[in-house]
There are 2 protein chains.
Amino acid sequence: MVTMAEGRPPGLDPDPYQQGCPTRHILDRIGDRWTVLIVGALGDGTLRFSELRRRVDGISQKMLTQTLREMERDGLVTRTVYPEVPPRVEYTLTDAGSTLRGPLKALEDWSIQHLPGVLAARERYADA
Amino acid sequence: MVTMAEGRPPGLDPDPYQQGCPTRHILDRIGDRWTVLIVGALGDGTLRFSELRRRVDGISQKMLTQTLREMERDGLVTRTVYPEVPPRVEYTLTDAGSTLRGPLKALEDWSIQHLPGVLAARERYADA
DNA sequence: CTGTATCCCTGTAGATACTG
DNA sequence: CAGTATCTACAGGGATACAG
């Protein structure tokens, strides 16, 4: 037997608790700050690049493009280019991408609802 | 009227879509790769440092310590030190931390269930 | 056992300038 | 309008060594 490959041997059940499991990368991507906001901004609708940029306040052009490309690559959004001048590009969540809306909205809601509690916890921690 | 402060003016409703809103930082933290796995590993139980380290395969001592500290600071976990020799330190989710279990488990499950679909999407993207 | 402290390298993200 | 291309700065995170 030759040298064992790094990480998880292939063919086993995916398990993000195991190093090298590809689900870890996916977890990284869907938990990403910009991905969470883009999924929430798109919702069940369609937005063009510039609209997304306005809704996700503070995102740079680079990060918006980059995140959308990765989401497209992973099958989370569809990208539709209208060959007009000036160009118009629209983004929509795929069916797979839509299944993320609930879970990610839950995170968003959590951060809003627990903001006071977290801030209070930090004060206590700082005092102690 | 003087120069406007950066980001969100205080006193408004928290909105992670607005730059500078503190909920963005919280969203970053709870979506963090290690936080997701630590919350899942703790579940409704208690684990000591070394046990956590084994369950979250591949996490470095530094990142485990650092992530646990931030979670403690934000009121997500309690840290209990038993003054024995050798020392024993146990971690448990707080009530607030427990409310994250559902949402984060949903992300974990999503990554497992959609792994084949994501990989397939990447192949299609590479071919095109 | 459970940390802390340090070095250092890589990736990430912002700013800026330019193009179809 | 919707990108691409570069440059740069900073933080994340691994490895290692040491301590209570």
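Letters go in sequence order (proteins before strands), and every chain restarts at 1. Every value quoted in this text rests on a predicted model; they were computed, and no experiment measured them. The figures here come from the full heavy-atom set of this structure, side chains too, leaving out hydrogens, waters and symmetry mates.
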Which atom of Glu108(A) lies closest to which atom of Pro16(B), heavy atoms considered: CG-CG, 3.7 Å
Side-chain donor/acceptor of Asp57(B) to backbone N/O of Gln19(A), under 3.5 Å: yes
Rounded interatomic separation in angstrom, taking CG from Asp28(B) and P from dC10(D): 19 Å
Minimum side-chain heavy-atom gap Thr65(A)-Phe49(A) below 4.5 Å: yes
Nearest-angstrom distance from the residue atom CZ of Arg69(A) to P of dA2(D): 12 Å
Arg33(A) side-chain N/O to dA13(C) phosphate OP1/OP2 under 4.0 Å: no
Salt bridge present between Lys105(B) and Asp109(B) (N-O < 4.0 angstrom): yes
Partners meeting side chain to side chain contact (heavy atoms under 4.5 Å, CB included) with Glu84(B) (sequence neighbours left out): Tyr82(B), Arg88(B)
Value in whole Å for how far the C1' atom of dG11(C) lies from CD of Glu70(A): 12 Å
Heavy-atom closest pair, residues Ile112(B) and Pro14(A): CD1-O, 4.0 Å
Any donor-acceptor pair under 3.5 Å from Thr78(A) side chain to Thr94(A) backbone: no
Near-strand residues of residues 40-49 of chain B, defined as heavy-atom separation under 4.0 angstrom from DNA chain C: Arg48(B), Phe49(B)
Donor-acceptor contact present, side-chain Thr35(B) to main-chain Arg29(B), <3.5 Å: yes
Side-chain N or O of Tyr91(B) closer than 4.0 Å to phosphate OP1/OP2 of dT2(C): no
Working for side-chain hydrogen bond (donor to acceptor under 3.5 Å, both in side chains), residues Tyr91(B) and Arg79(B): CA-CA 5 Å; Tyr91(B) 293 92; Arg79(B) 177 174 180 268; 3.2 Å; yes
Whole angstrom value for the distance that separates C1' of dG3(C) from CD of Glu84(B): 16 Å
Nucleotide dG11(C), atom P - distance to CD of Gln66(A) in whole Å: 13 Å
Of residues 50-64 of chain B, the positions that come close to DNA chain C - non-hydrogen atoms, cut-off under 4.0 Å: Ser50(B), Gln61(B)
Short side-chain N/O contact from Arg79(A) to OP1 or OP2 of dA2(D), under 4.0 Å: no
